[in-house]
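What follows is a set of notes on a single structure, which appears directly below.
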Amino acid sequence: MGGGAGGFALAPAAAERLRREGVEGQVSLIASGPPLAAFPARVRSAGARALAKAGVAIVAGDRAVEADAAGLRLSSGRRVAAEAILVAADAQAPAWLTETGLTLDPQGYVAVSETLQGLSHPDVFAAGDCAAISGHPRPKAGVFAVRQGPPLAENLRRAARGAPLTRHRPQRAFLSLLSTADGRAIASRGRWSVEGGWVWRWKDRIDRAFMERHRPEPMAPDAEMRCGGCAAKLGPLSLAGALAVGADEHEAGSFEPEDASLLPTASAQTLRVDTVDFFRAFWPDPYLLGRIAANHAMSDVYAMGGAPKTALAVMVTPEAHPRLAEEDLRQMTAGGRAQLEDAGAALVGGHSSEGAELAAGFAVSGEVAQAGVWRKGGLRAGDRLILTGPIGSGVIFAAAGRGLARGAEVSAALAAMGRPHAPCVQILRAYGATGVTDVTGFGLMGHLLEMLRAAGLTARLDPAAPRLLPGAERLAALGVASSLAPDNLALAEAELAVAPPSVRALLLDPQTAGPLLAGAPGDRAEQCVSALRAIGREAAVIGDVMESALGASDPAPRVQLMSLAAGSQRSGSAKTLSGAS
């Protein structure tokens, strides 16, 4: 929606993205007039050619008046089907300006003089898209707002001193650089215009230099900060201490280290599975937070071999205007509901609260056949260890908080954290999985040790075998680690005493919505991994389970790190750990 520069830039870019992703689809540009109507005829012609080349359908001379789940209704009565709507409409004056008593121009913007003072209230200054300089009508383009910044700052200082104010006269023409998403761009200033590949390279240099000037200064890899997601949970020793106190008040064994509780049902063949998970935001998108929080909570049910049925939400929004808090809550709930419904579960209620920061969680109930329950202690000697997906999300979001992660690395991590576990559960069951858990807050090594202690076994682990999320190896080598990693080391000091710091950080890395870790019979493990890879999972055999002579409380290492050949092993987009001895 929108035929100006913003809509023009988005339409061919969206079409190109669909093409690269191999998605069949149609991009339509809805405009009340011809696209780029404010530009000279030569630019409009070049833009029309670019849109046609990109396969963009143009709906000109009509205006969108209503949007719903099916698409758009236009002022002519025509409907345009749409699965996604990108809005790039013209600027509009905020409605609240009419309540201020300030003199406004005919379009509703604050009318100001060349000194950027309100015409009716000289002690009020206004600049940018909320203001219009009297006698100098200009389009609402970012260049005018940016260039009003320095004179505004100077006049505020002068006004505070009682000094004469400076005048600002906005330029009449400005340079526009319009990308056509095919390695070319159109340049325009006044009546002059030119197009070509070199214009795109010129635009790219300008854009990157501008963004670089405004990029936050990266923090040191070891700078003190607290992580979100599952990395925000209490450390294993604190948790064990708290549960030990609780166990004294209840019957022995009431706090078994399982992923979820099992309760009887009316059916002798079925058990109920209950779990809860909750954490503060690791990324500022409330919809994604809700979706990933639901996926993370359901992973405990899947790790017990069950299927989620219902969920209760627990949501926290920061102190804000009620409309903003409502929107955050709406987005988190929508994301969680979408993930739950994809899994065949229903969101049946919940609780909300105001707090210091955005947070989300779910209490999930499911069912499992009594004969099909998986437990952490179900491993058997001779099993091979299978990891159903990549690890490294804790390191990546710890780096993102320090300004060190790349956009593509964060995007890949978010995509992995939203992948459902149900298809993996079906394959693991088909190939005879024995013990299963989900890799979350205590990291791969911590959760493996839980399984081995419960089973009374030991294991050999190949640190080069687990697949890593893109960027995890690079960031760990810089010294980035989640804030929970030092606490996790308390679980595995003996096992990781000789591991290099980067390997240690990744084996202890807390995962949010991480993969499943399972034991499978040795003669079926490779087939199981092949089946997982066939559905697009970056699965791997990462080690072997063996008999143990250790006692339940024996401090000797339960996991032996296998020696590695020099260099990293790589498979597709995922990488594997290297460097352990």
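Predicted model only: the values in this text are computed from it and were never measured.
In this structure, the side chain of Arg533 does not engage the main chain of Glu538 through any donor-acceptor pair within 3.5 Å. In terms of modelled atom types and a separation under 3.5 Å, the side chain of His421 and the main chain of Gly514 share a donor-acceptor contact. In this structure, Arg524 contributes its side chain and Ala430 its backbone to a donor-acceptor pair below 3.5 Å. At least one donor-acceptor pair under 3.5 Å links the side chain of Gln339 to the backbone N or O of Gly418. The closest donor-acceptor contact from the side chain of Glu367 to the backbone of Val273 lies at 3.5 Å or more, if one exists at all. With hydrogens and angles disregarded, no donor-acceptor distance shorter than 3.5 Å links the side chain of Asp544 to the backbone of Arg384. Judged purely by atom type and a 3.5 angstrom limit, Thr317 has no side-chain atom pairing as donor or acceptor with the backbone of Asp328. Under the 3.5 Å distance criterion, the side-chain polar atoms of Arg504 are matched with a main-chain donor or acceptor of Ala499. Counting only distance, with no hydrogens or angles, the side chain of Gln511 and the backbone of Gly392 share a donor-acceptor pair below 3.5 Å. Side-chain N or O atoms of Asn488 include one that pairs as donor or acceptor with a backbone N or O of Gly441 at under 3.5 Å.
Ring pair Trp283/Phe397 is perpendicular by interplanar angle, where above 60° counts as perpendicular and below 30° as parallel.
By the neighbour-count criterion of 12 heavy atoms within 6.0 Å, atom CD of Glu319 is sparsely surrounded, having that number or fewer from other residues, nucleotides or ligands. Within a 6.0 Å radius of CZ in Arg429, more than 12 heavy atoms belonging to other residues, nucleotides or ligands are found. Residue Arg380 places its CZ atom among 12 or fewer non-hydrogen atoms of other residues, nucleotides or ligands, all under 6.0 Å distant.
Atom CD of residue Gln26 and atom CD of residue Glu24 lie 10.5 Å apart, to the nearest 0.5 angstrom. Taken to the nearest 0.5 Å, the CG atom of Leu516 stands 11.0 Å off from the CD1 atom of Ile386. To the nearest 0.5 Å, atoms CG (Asp438) and SG (Cys424) are separated by 12.0 Å. Taking CG of Leu448 as the reference point, atom OG1 of Thr437 lies at 10.0 Å (rounded to 0.5 Å). The CG atom of Leu10 sits 13.0 Å away from the CZ atom of Arg17 when rounded to the nearest 0.5 Å. Interatomic distance, Cys528 SG to Asp523 CG, rounded to the nearest 0.5 Å: 11.5 Å.
With hydrogens and angles left out, the side-chain atoms of Ser482 and Asp509 include no donor and acceptor closer than 3.5 Å.
Contact annotation: the side chain of Arg272 never approaches that of Leu262 to less than 4.5 Å [non-hydrogen atoms, C-beta and beyond]. The side-chain heavy atoms of Met546 and Leu457, taken from C-beta on, include no pair separated by under 4.5 Å. Within the 4.5 Å cutoff, the side chain of Ile542 has heavy atoms near those of the Leu444 side chain. Between Leu288 and Met332, the closest side-chain pair of non-hydrogen atoms is not below 4.5 Å. When side chains are defined from C-beta on, Val368 does not count as touching Met304, because their heavy atoms never get closer than 4.5 Å. Residues Thr512 and Thr440 form no side-chain contact, since every pair of their non-hydrogen atoms from C-beta on lies 4.5 Å or further apart. Within the 4.5 Å cutoff, side-chain heavy atoms of Met445 are placed close to those of Val559. Taking 4.5 Å as the limit, some side-chain heavy atom of Ile292 sits within range of a side-chain heavy atom of Leu414.
With respect to the salt-bridge test (charged N to carboxylate O, under 4.0 angstrom), the residues Glu327 and Arg330 qualify. Taking the charged nitrogens against the carboxylate oxygens, Arg460 and Asp462 have no contact shorter than 4.0 Å, which rules out a salt bridge.
Considering all non-hydrogen atoms of both residues, Ala67 and Ile85 come closest at CB-CD1, 3.9 Å.
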Decide yes or no on salt bridge (charged side-chain N to carboxylate O under 4.0 Å, His left out) for Asp285 and Arg291, but give the supporting numbers first. CA-CA 10 Å; Asp285 184 328; Arg291 185 145 200 158; over 6 Å; no
Residues Trp374, Leu428; criterion side-chain contact (heavy atoms from CB on, under 4.5 Å); working and verdict: CA-CA 11 Å; Trp374 285 330; Leu428 290 173; 3.9 Å; yes
Assess whether side-chain contact (heavy atoms from CB on, under 4.5 Å) is satisfied between Arg375 and Met451, documenting all intermediate values. CA-CA 8 Å; Arg375 296 182 181 273; Met451 297 177 78; over 6 Å; no
Test side-chain contact (heavy atoms from CB on, under 4.5 Å) on Asn295 and Met417; report intermediate values, then the result. CA-CA 8 Å; Asn295 200 39; Met417 293 155 75; 5.9 Å; no
Under the side-chain contact (heavy atoms from CB on, under 4.5 Å) rule, what do Arg402 and Val480 come out as? Steps first, then yes or no, please. CA-CA 9 Å; Arg402 296 173 170 91; Val480 176; 4.0 Å; yes
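Only one option out of Thr275, Val364, Leu340 pairs with Pro308 in a side chain to side chain contact (heavy atoms under 4.5 Å, CB included); it is Val364.
Note: His296 and Phe362 fail the aromatic proximity criterion, with ring centroids not under 6.0 Å apart.
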